[in-house]
Amino acid sequence: MEDILPFLIGGLYAGGIYLILHRSFVKLIIGLIILGYASNLLLFTISRVTRGAPPLIPEEASQLTEPFADPLPQALILTAIVIGFGIQAFAIVLIKVGYQAGDTDDLDDLNTTDRLED
Amino acid sequence: MENELLIVLLIPLFAGILSIFSWKNTRLQKYIFIGGTTALLLAAINLLNSVIAHEVITLQSAGWGAPYGITMVADLLSTIMILLTSITAIAVAVFSLSDVDQSRLNFGFYPLMCFLLFSVCGAFLSGDVFNLYVWFEMMLISSFVLMALGNTKPQLEGAIKYVTLNIVSSAFFLAGTGILYGLTGTLNMADLALRLSAIPDQNLVTLAAIFFFIAFGVKAAIFPLFSWLPASYHTPPVTVSAFFAGILTKVGVYAFIRFFTMIFNHDSVFIDNLLLITAGTTMLVGVLGAAAQMEFRKILSFHIISQIGYMIMGLALNTKLALAGAVFYIMHHIIVKTNLFLVSGVVNRLKGSFQLKKLGGVYSKYPLLGILFVISAFSLAGFPPLSGFWAKFILIKAGLEVQDYLIVTVALVVGFLTLYSMTKIWNEVFWKKMTIEEESEKEISPVGLWSITPMVIPVVFLATITLAIGLFGEPVMKLAMMTAEQLQSPEIYINKVLGLNE
């Protein structure tokens, strides 16, 4: 599992960045979401993937015995997913309103705030 | 002691909750916000007093001792940042009374401002990397909504850029957090500082540092990650952009100083050089960008970028004097930059434009406003005896001490070019005569300066603080030196947080 996940993460990062570089609003938002997934998965993988060893202390012991799955990164990822979900929901609405206001879904048309005024 | 720290977080939180409960009553929300920011200012002064007395104050949340629980830490740097935030918030609160329109108020402008304040204070006090990430996200979501609130087309366009780049930076932040946890198994900043030095392969630590460099770089708007800032800061109402300009990028700078003086201070020539090069290029690119602009707030936005360069320069030189300079620069910059944005708002209210070409003759009509602008603008450019002069003077002296003449030259040139931009605004907006037909074209009836008192009071207030920092700089400098001393000896912070005694 630990051998496959890095490639998956790399693929997700690459795909996310590839989509962000597109000109379409919708691809931009999907790219951002995938980039978020990639970071979550990185956090998950980098803190050691352990199978079938819940971090429970047996009744007769006083502390955990190795190996055990570290619960902390999973709690962190859960938090990050929830936060990411909220921000993505906002971003989707923003892009929809932006699309309606500008009547375009081409990111290259979003250059009026950068333009030098004449 | 812990209560003084906690109250700083509770005041904006309760103000936010109260103003949500009075959703329909925007007048009451105004009182709550002004009351809340005043209370926050008092709480911040109180916290500063006890931090000066006790060096570092920690709060172990729910009684879980570090490094297992989430620790909130107030040292001098974070307390100074909170004090500056509350001063800015008070000025902005008064300014908002006559700046923000009713439709924005109906959609929760004040609750959002309260939660923004809450999350900014939390970010300054956090002693845990993942906790800092959560505060950053809270800050971002409040600022996203404030940026887009009002739904005008430029605002939405600016907001899309702002949101996109900040989400990317959050992904970097999270990835960096993951790497740190994988390396050390802890996310408490003090614990990290101890454990990272024991990692055999320091290249991995540098890798993690690069992730944080990019994440904070986007938030602080350093070169080449700044492009969201000039694209968005001139679009929302002046109240919002003044607060963003004063505080939000400085949260990034704060995170830079915190991480690169405490956590990543064991290596490395590479990081130091990277910081120094970024500082120089950020200064130059920012000031050159400003030279091309002809819009009041865009010029000021580009100057934020160039000023961030000075702060990073102080961090990169990493001597006691340089760090003190960076802290002094932050104090000076937050006040002055907020004030300049507020002045642009007053001018817009009086003359109906932000375009330099369409403005003119403000000085002859409103000499007081001209003087207030000059105080802030010349302080930004670094004229003695205003606050900006001392800030630049300290940094340049620190640069000369370590004999880094290149960065000193850049800093001096950028100071000169800043003067050019400020003179441009002065000439176009205040000095230039308005032609008669242009005058008559304006539909806006001439109003007296004092008919918009709520907008003028904060400008006078902040200009007075600028003058005070400049004329009575010694106590401020002493405070900055004490902060630098603390930053240079992170053992105090680490021992207090982890409860070690040596």
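The structure presented is a predicted model; accordingly, all values stated were derived computationally and were not measured. Just so it is clear: chains get the letters A, B, ... in the order the sequence lines come, proteins before strands, and each one is counted from 1. Only heavy atoms go into these numbers, but all of them, side chains included; no hydrogens, no water, no symmetry mates.
For B/Thr235, the part sitting under 4.5 Å from any heavy atom of chain A is the side chain, from C-beta outward, and nothing else. Both the backbone and the side chain of B/Val168 come within less than 4.5 Å of a heavy atom of chain A. Contact annotation for A/Asp70: only side-chain heavy atoms (C-beta onward) come within less than 4.5 Å of a heavy atom of chain B. Neither the backbone nor the side chain of A/Phe44 comes within contact range of chain B; no heavy atom of the residue lies under 4.5 Å from a heavy atom of that chain. Proximity to chain A is limited to the backbone of B/Pro230, based on heavy atoms less than 4.5 angstrom apart. Heavy atoms closer than 4.5 Å to chain B are found in the side chain of A/Leu28, but not in its backbone. Both the backbone and the side chain of B/Phe144 have a heavy atom closer than 4.5 Å to some heavy atom of chain A. At a 4.5 Å heavy-atom cutoff, the contact between B/Leu187 and chain A is made by side-chain atoms alone. Proximity to chain A is limited to the side chain of B/Ala148, based on heavy atoms less than 4.5 angstrom apart. The part of A/Ile83 that comes within reach of chain B is its side chain, from C-beta onward, which places non-hydrogen atoms under 4.5 angstrom from that chain.
One finds a salt bridge joining B/Glu157 and B/Lys161 here, because a Lys/Arg side-chain nitrogen approaches an Asp/Glu carboxylate oxygen to under 4.0 Å.
With B/Ser306 contributing its side chain and B/Gly286 its backbone, the two residues share no donor-acceptor pair below 3.5 Å.
Note: B/His234 NE2 to B/Phe302 CZ = 9.5 Å, rounded to the nearest 0.5 Å. Atoms CH2 and OG1, from B/Trp64 and B/Thr71 in turn, are 13.0 Å apart once rounded to the nearest 0.5 Å. One distance of note links CG of A/Asn40 with OH of A/Tyr37; it measures 9.0 Å at 0.5 Å rounding. With rounding to the nearest 0.5 angstrom, the CD1 atom of B/Ile167 is 5.5 Å from the CD1 atom of A/Ile29.
Applying the side chain to side chain contact (heavy atoms under 4.5 Å, CB included) test between B/Leu196 and each of B/Asp191, B/Leu204, B/Leu180 identifies B/Leu180 as the sole match.
Between A/Phe25 and A/Tyr99, the ring-plane angle classifies as perpendicular under the 30° and 60° cut-offs.
Contacts with chain B (heavy atom to heavy atom, under 4.5 Å) involve these residues of residues 71-82 of chain A, listed by number: A/Leu72, A/Pro73, A/Leu76, A/Thr79, A/Ala80.
The greatest number of non-hydrogen atom pairs below 4.5 Å with chain B, out of A/Leu94, A/Ile95, A/Ile17, is found for A/Leu94. Interface remark: of the candidates A/Leu42, A/Thr45, A/Leu32, A/Leu32 forms the most heavy-atom pairs closer than 4.5 Å to chain B.
B/Ser126 and B/Tyr133 share no side-chain donor-acceptor pair at under 3.5 Å. Remark: the B/Lys219 side chain and the B/Ser169 side chain contain an N/O donor-acceptor pair separated by less than 3.5 Å. Looking only at atom types and distance, the side chain of B/Arg195 has no donor-acceptor partner in the side chain of B/Thr186 under 3.5 Å away.
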- For B/Phe216 and B/Phe173, what are the C-alpha separation, side-chain angles and deciding distance, and is it a ring-ring contact (aromatic ring centres under 6.0 Å, His included)? CA-CA 8 Å; B/Phe216 299 147; B/Phe173 195 160; 5.2 Å; yes
